[in-house]
Q: 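Sharing a structure below in structure tokens format, with a few things to ask.
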Amino acid sequence: MPTNPRHLILKLFLGAEGAAVSSRVLVASCALFGLRENSVRVAMVRLATAGMIEMEARGIYRLGPSAAAFAADVRTWRTAEARVRDDWTGSWVAAYCGALGRSDRSALRRRGRALDLLGFRELDRGLWLRPDNLVGGVAHVRDRLYKLGLESEAAVFAVPSFDPGREARARALWNGKALTKSYVQTRQRLERWLFGLHALDLQAAARESFLLGDAAIRQLVYDPLLPDPLVNVDERRAFAGIVLEFDRTGHAIWRKLMTLLRPDAERSSAATRH
């Protein structure tokens, strides 16, 4: 169960998908996870100071500019499979970071997060790779890397092939069997929970759907989207499909809960807007 209020608040905002959320709803939502109001409000102040959230009106917040780019990219998880080509030719996308500085910790974090989100792994010192199997090819991957925080000084380019030794090492950068096993295990876990949903009360369903859904979506967000034969693509697609179904169910549960958590004035205002 999450205990860091800042992380939980940001995940609640990501779940709101751009909508504004009141502080009262955030406090009530965090209480489901055992977090006290004072801790939540302190975390909100710190997030606001860092530009991660911003006040829209008194007591009403939305994601701030510092979180906007990351949030926009994370939301693309629903269309992950549409970004994958089926005709991988064995070529690679490379990012060379060997000439970049290593003293700026913030830059290092942004760089690492960008490479991780795009499924890159380090082959040789400073040389990061992923299969060239995404729609849009190298140009699209390069653009996403830069937008996510990789320095523009980093060279991002296509590699048609390697010598046999490097080719073997490149293909072994990802544990395809472990990835495939994780797809099956997560899919089965979500299916079991959906089957037993009828036995849960609303608060338990909200809490559990958030925790299970958050973990599954994170798994999908950080999935390297490898081609056959590096991973079992059919199992990944089945996993992605159940995550979509689970997400729709979770959103329906949380919409119902949010209606109950909103003060009467907020409910009246929301009804007027719609």
Side-chain angles (χ1 to χ4, degrees), residues 10 14 66-102 104-162 166-167 169-176 178-180 182-183 186 214-233 235-237 239-240 243:
L10 284 176
L14 287 173
S66 296
F70 177 66
D73 198 79
V74 166
R75 290 189 194 114
T76 64
W77 70 266
R78 290 186 179 87
T79 57
E81 286 299 325
R83 300 199 303 269
V84 182
R85 299 197 320 262
D86 292 329
D87 58 341
W88 185 49
T89 62
S91 59
W92 304 86
V93 181
Y96 181 66
C97 304
L100 301 179
R102 300 192 60 81
D104 186 334
R105 292 185 180 181
S106 295
L108 281 172
R109 282 195 298 270
R110 290 193 298 271
R111 184 190 311 166
R113 184 177 67 182
L115 291 166
D116 203 18
L117 278 167
L118 268 294
F120 279 78
R121 300 293 184 269
E122 193 171 26
L123 178 66
D124 293 317
R125 184 173 176 82
L127 181 64
W128 295 75
L129 293 180
R130 71 150 293 115
D132 185 10
N133 68 319
L134 299 182
V135 173
V138 177
H140 178 68
V141 172
R142 181 189 299 120
D143 183 58
R144 283 189 69 200
L145 283 172
Y146 291 159
K147 285 181 178 177
L148 286 168
L150 179 66
E151 299 94 322
S152 59
E153 294 81 6
V156 181
F157 52 94
V159 178
S161 64
F162 285 109
R166 278 192 173 82
E167 180 69 22
R169 286 200 293 118
R171 290 177 176 241
L173 289 172
W174 301 265
N175 188 335
L179 280 169
T180 298
S182 72
Y183 302 147
T186 304
D214 177 64
I217 290 170
R218 179 178 175 79
Q219 182 179 340
L220 196 53
V221 166
Y222 283 95
D223 189 86
L225 298 176
L226 302 175
D228 277 322
L230 302 185
V231 76
N232 187 319
V233 172
E235 288 292 357
R236 188 184 67 228
R237 288 173 176 165
F239 157 62
V243 176

Q: With side chains defined as the heavy atoms from C-beta onward, is the minimum distance between V84 and L134 less than 4.5 Å?
A: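 Heavy-atom side-chain distance check passes, below 4.5 Å.
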Q: Would R130 and L115 count as a side-chain contact (heavy atoms from CB on, under 4.5 Å) if you check the C-alpha gap in whole Å, the side-chain angles of each, and the deciding distance to 0.1 Å?
A: CA-CA 9 Å; R130 71 150 293 115; L115 291 166; over 6 Å; no
Q: Is there a side-chain contact between R121 and D116 (heavy atoms, below 4.5 Å)?
A: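 With C-beta onward as the side chain, the pair touches.
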Q: Test side-chain contact (heavy atoms from CB on, under 4.5 Å) on V156 and Y146 and set out the steps.
A: CA-CA 10 Å; V156 181; Y146 291 159; 4.0 Å; yes
Q: Side-chain contact test, heavy atoms from C-beta onward, threshold under 4.5 Å: evaluate it for P224 versus L179 and give yes or no.
A: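 Yes, side chains in contact.
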Q: Under 6.0 Å from the CZ atom of R113, do we count more than 12 heavy atoms belonging to anything else shown?
A: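 Yes, enclosed.
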Q: To check you understand the geometry: which heavy-atom pair defines the closest contact between W174 and L129, and what is its length?
A: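 For W174 versus L129, the nearest heavy atoms are CZ2-O, 3.5 Å.
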Q: Under the side-chain contact (heavy atoms from CB on, under 4.5 Å) test, which residues partner R105, sequence neighbours left out?
A: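 R105: side-chain contact (heavy atoms from CB on, under 4.5 Å) contacts with R109.
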Q: Verify side-chain contact (heavy atoms from CB on, under 4.5 Å) between W128 and L150, making sure each step is shown before the conclusion.
A: CA-CA 12 Å; W128 295 75; L150 179 66; over 6 Å; no
Q: Please step through salt bridge (Lys or Arg N to Asp or Glu O under 4.0 Å) for the pair R236 and E81, ending with a clear verdict.
A: CA-CA 9 Å; R236 188 184 67 228; E81 286 299 325; 2.6 Å; yes
Q: If I take atom CG from residue D223 and atom CG from residue L117, how far apart are they, to the nearest 0.5 angstrom?
A: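 One gets 11.5 Å once the value is rounded to the nearest 0.5 Å.
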Q: Using every non-hydrogen atom in the two residues, find where R171 and P229 come nearest and quote the distance to one decimal.
A: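 Nearest pair, atom of R171 first, then P229: NH1-CG, 4.0 Å.
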Q: For atom CZ of R218, is the number of surrounding heavy atoms from other residues, nucleotides or ligands below 6.0 Å larger than 12?
A: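 No, because the 6.0 Å sphere around CZ of R218 holds 12 heavy atoms or fewer from other groups.
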Q: Can you check whether F120 reaches V141 side chain to side chain, under 4.5 Å on heavy atoms?
A: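 Yes. Closest side-chain heavy atoms under 4.5 Å.
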Q: Can you measure from CD1 (I217) to CD (Q219) and round to the nearest 0.5 angstrom?
A: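 So the gap between those two atoms works out to 11.0 Å.
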Q: Give the minimum heavy-atom separation between T186 and A216, together with the two atoms involved.
A: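 Scanning both residues, the minimum pair turns out to be CG2-CB, 4.0 Å.
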Q: Would you check, one step at a time, whether the test side-chain contact (heavy atoms from CB on, under 4.5 Å) holds for R169 with F162?
A: CA-CA 10 Å; R169 286 200 293 118; F162 285 109; over 6 Å; no
Q: Taking all atoms of both residues into account, what is the closest heavy-atom pair of L225 and A80, and its distance?
A: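 Scanning both residues, the minimum pair turns out to be CD1-O, 4.0 Å.
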Q: Minimum heavy-atom separation for L108 to R102, with atom names?
A: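 So the minimum-distance heavy-atom pair works out to CD1-O, 3.2 Å.
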Q: Is it true that a side-chain atom of D124 and a backbone atom of L127 form a donor plus acceptor pair closer than 3.5 Å?
A: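 The answer is no, because no donor-acceptor pair under 3.5 Å joins these two groups.
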Q: Identify the two heavy atoms, one from E167 and one from G90, that lie closest to each other, and give their separation to 0.1 Å.
A: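 So the minimum-distance heavy-atom pair works out to OE2-O, 4.3 Å.
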Q: To the nearest 0.5 angstrom, please state how far the CG atom of L226 sits from the CG atom of D228.
A: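 Taking CG in L226 and CG in D228, the distance rounds to 10.0 Å.
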Q: Hey, are the side chains of W92 and L123 touching, using non-hydrogen atoms and a 4.5 Å cut-off?
A: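 When only atoms from C-beta onward are counted, L123 and W92 do not touch, as no gap falls below 4.5 Å.
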